[in-house]
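We use all heavy atoms of the structure for the numbers below, so side chains are in, but hydrogens, waters and symmetry mates are not.
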Amino acid sequence: MELSPITPHLGAEVDGVDLAQELDEQTFVQLHQAFMDWGVLVFRNQKLNRDQHKAFARRFGTLHVHPMYKDQTKHPEILRVKTTAESVYTAGEGWHTDVTCDEFPPLASALYITETPECGGGDTLFADMYLAYELLSDTMKAMLDGLEAVHDGAIPYVGSYKSTPPEGGYPRNTHPVIVTHPETGRKVLYVNSGFTSHIKGLKPAESRAILSMLYQHIASTPRLIARVQWQPDTLTLWDNRCTQHHAVWDYFPHSRYGERVSVVADSRPVA
Ligand code: SIN
C-alpha cells in the first residue's frame with residue numbers, strides 16, 4: 001500500500017488496494033492507521049458493486065441508514081448522490097459533517113463516484129476540524145469548551161431539500177461544541193452550518209454571532225482544506241468525526257453520479 005498525501009495534514013491518495021477484495025487483517029490495520037493519520041483517503045480505479053461497497057464500509061462498523069431514506073427497501077444503506085440538469089440542488093453543497101442530527105452520527109462515510117461531469121469540476125472540499133480547533137485562540141477554546149449545541153435534521157432535510165419529515169420528525173440531538181475524537185484523543189471543533197441550529201445557554205443573538213464566526217473561520221482558512229478531484233470509479237473514505245466537507249456544484253447542466261455508504265459511530269460525541 002502506498003500513500004501520497006494531498007496536503008501536509010489532511011487527505012491521502014491510497015495506491016495498491018483493491019477494495020472489491022476482502023481486506024486481510026494486516027491490510028485493514030494499515031488502512032485504519034492511514035485513516036487515523038489522514039482523515040480522508042482516496043482510492044482510484046475501483047470497480048465495486050453495491051455489496052462490495054457495503055462490505056468495505058462494514059469493516060469499520062455497522063452501516064448507517066439515512067433518516068431521509070429509511071423506507072428504501074433494497075439497499076437501505078446506500079445513499080444515492082445524483083445531480084443532473086433537472087436537479088434543483090446538489091446534496092452537501094455547503095460545509096457540513098454528515099448527519100450530526102443523529103444521536104450517534106456516522107463515524108465515516110465512503111462515497112463512490114462512478115460518473116463525473118464531462119465539463120470537469122464536481123470536486124469535494126474537505127476541512128480539517130482538528131486544525132480548525134487548534135487555530136482558535138486559547139481564550140476562544142476555553143470559552144467553547146463545556147458548551148453544547150443542538151443539531152437538527154429538519155434544517156437540511158426540510159429547509160434545503162424540502163423532504164417530508166417522517167412521523168415524529170427528523171432527529172434532533174445535542175452534542176458538545178468541542179469534542180474529543182474517540183480514537184486519536186485529539187480535540188475537534190464540532191459545529192457545522194448544515195445541522196447546528198444553536199448553542200445552548202446563550203441568547204439567540206450570541207449563539208448566531210459565535211456560530212457565524214466559527215463558520216467564517218472554516219470557510220475562510222484555506223490551510224484547513226484538502227480538495228478531492230474525482231475521476232470515475234474513485235472511492236473517498238472520510239473520518240466524519242474530525243472533518244467537514246462541501247460538494248462543489250460548478251458543472252450545471254452536466255451530471256455527476258455516486259453512492260455513499262456511512263458507518264454509525266458506536267459512541268456519542270463527547271467532550
Ligand atoms: C456528501 O455530502 O456526502 C456529498 C458530497 C459530494 O457529493 O461531493
Side-chain angles (χ1 to χ4, degrees), residues 1-17 19 27-44 57 60 92 94-98 100 105-111 113 122-142 144-145 175-196 211 213-231 234-248 260 262-263 265 269-271:
M1 181 189 309
E2 248 181 66
L3 297 177
S4 312
I6 300 172
T7 76
H9 56 93
L10 179 68
E13 300 244 353
V14 185
D15 241 0
V17 184
L19 301 181
T27 307
F28 180 71
V29 167
Q30 263 183 291
L31 208 56
H32 184 266
Q33 189 57 52
F35 182 55
M36 291 300 99
D37 292 343
W38 295 102
V40 177
L41 298 179
V42 181
F43 305 82
R44 305 283 180 193
F60 292 83
W95 284 111
H96 67 286
T97 306
D98 290 332
T100 55
L107 71 87
S109 289
L111 177 59
I113 293 282
D123 299 348
T124 306
L125 310 179
F126 290 89
D128 181 339
M129 290 301 112
Y130 293 131
L131 187 56
Y133 171 75
E134 284 156 20
L135 292 177
L136 296 171
S137 67
D138 288 344
T139 309
M140 181 53 64
K141 287 178 187 155
L144 296 176
D145 238 330
H175 303 300
V177 171
I178 306 299
V179 306
T180 302
H181 191 289
E183 295 188 76
T184 64
R186 293 175 65 191
K187 289 199 174 194
V188 175
L189 175 58
Y190 200 72
V191 287
N192 71 88
S193 60
F195 290 94
T196 309
L211 288 176
M213 178 275 294
L214 293 171
Y215 299 156
Q216 183 67 15
H217 169 53
I218 294 163
S220 66
T221 308
R223 63 184 277 200
L224 298 178
I225 311 300
R227 185 171 187 126
V228 171
Q229 290 184 306
W230 301 90
Q231 295 151 5
T234 300
L235 184 142
T236 297
L237 174 75
W238 61 86
D239 189 334
N240 198 51
R241 299 163 296 185
C242 57
T243 61
Q244 295 197 14
H245 56 284
H246 186 313
V248 181
R260 192 182 89 194
S262 297
V263 180
V270 291

Going by salt bridge (charged side-chain N to carboxylate O under 4.0 Å, His left out), name the residues that satisfy it together with [X], two or more places apart in sequence or in a different chain.
X	answer
Asp37	none
Arg241	Glu183, Asp239
Asp128	none
Arg223	none

Exercise. Give the minimum heavy-atom separation between Leu235 and Leu19, together with the two atoms involved.
Key: CD2-CD1, 3.9 Å
Quiz item: If every non-hydrogen atom of Ala132 is compared with every non-hydrogen atom of Leu224, which pair is closest and at what distance?
Solution: N-CD2, 3.5 Å
Quiz prompt | Worked check of side-chain contact (heavy atoms from CB on, under 4.5 Å) between His9 and Tyr130 | solution = CA-CA 10 Å; His9 56 93; Tyr130 293 131; over 6 Å; no
Self-check item: Test log, rule side-chain contact (heavy atoms from CB on, under 4.5 Å), inputs Leu237 and Leu31
Solution: CA-CA 11 Å; Leu237 174 75; Leu31 208 56; 5.8 Å; no
Quiz item: Do we see a donor-acceptor contact under 3.5 Å between the side chains of Thr100 and Asn192?
Solution: yes
Self-check item: Donor on one side chain, acceptor on other, Asp98 and Ser262, under 3.5 Å
Solution: no
Quiz prompt | Non-neighbouring partners of Trp38 that pass side chain to side chain donor-acceptor pair (under 3.5 Å), sequence neighbours left out | solution = none
Quiz prompt | Counterpart residues, side chain to side chain donor-acceptor pair (under 3.5 Å), relative to Thr180 (two or more places apart) | solution = none
Can you list the residues that meet the ring pair (Phe, Tyr, Trp, His ring centres under 6.0 Å) rule with [X], with sequence neighbours excluded?
X	result
Phe126	Trp238, His245
Phe35	Phe60
His217	none

Exercise. Could you go through the side-chain contact (heavy atoms from CB on, under 4.5 Å) check for Tyr190 and Met129 one step at a time?
Key: CA-CA 7 Å; Tyr190 200 72; Met129 290 301 112; over 6 Å; no
Quiz item: Which distance, rounded to the nearest 0.5 Å, do you find between the CG of Asp123 and the CZ of Arg227?
Solution: 4.5 Å
Self-check item: CZ on Arg186 to CG on Leu131, rounded to 0.5 Å
Solution: 8.0 Å
Just jot down the side chain to side chain contact (heavy atoms under 4.5 Å, CB included) partners of [X], sequence neighbours excluded, or say none.
X	answer
Gln231	Arg44, Thr234
Ile225	Trp95, Leu125, Ala127
Ser4	Glu13

Exercise. Could you go through the side-chain contact (heavy atoms from CB on, under 4.5 Å) check for Leu144 and Leu214 one step at a time?
Key: CA-CA 11 Å; Leu144 296 176; Leu214 293 171; 3.9 Å; yes
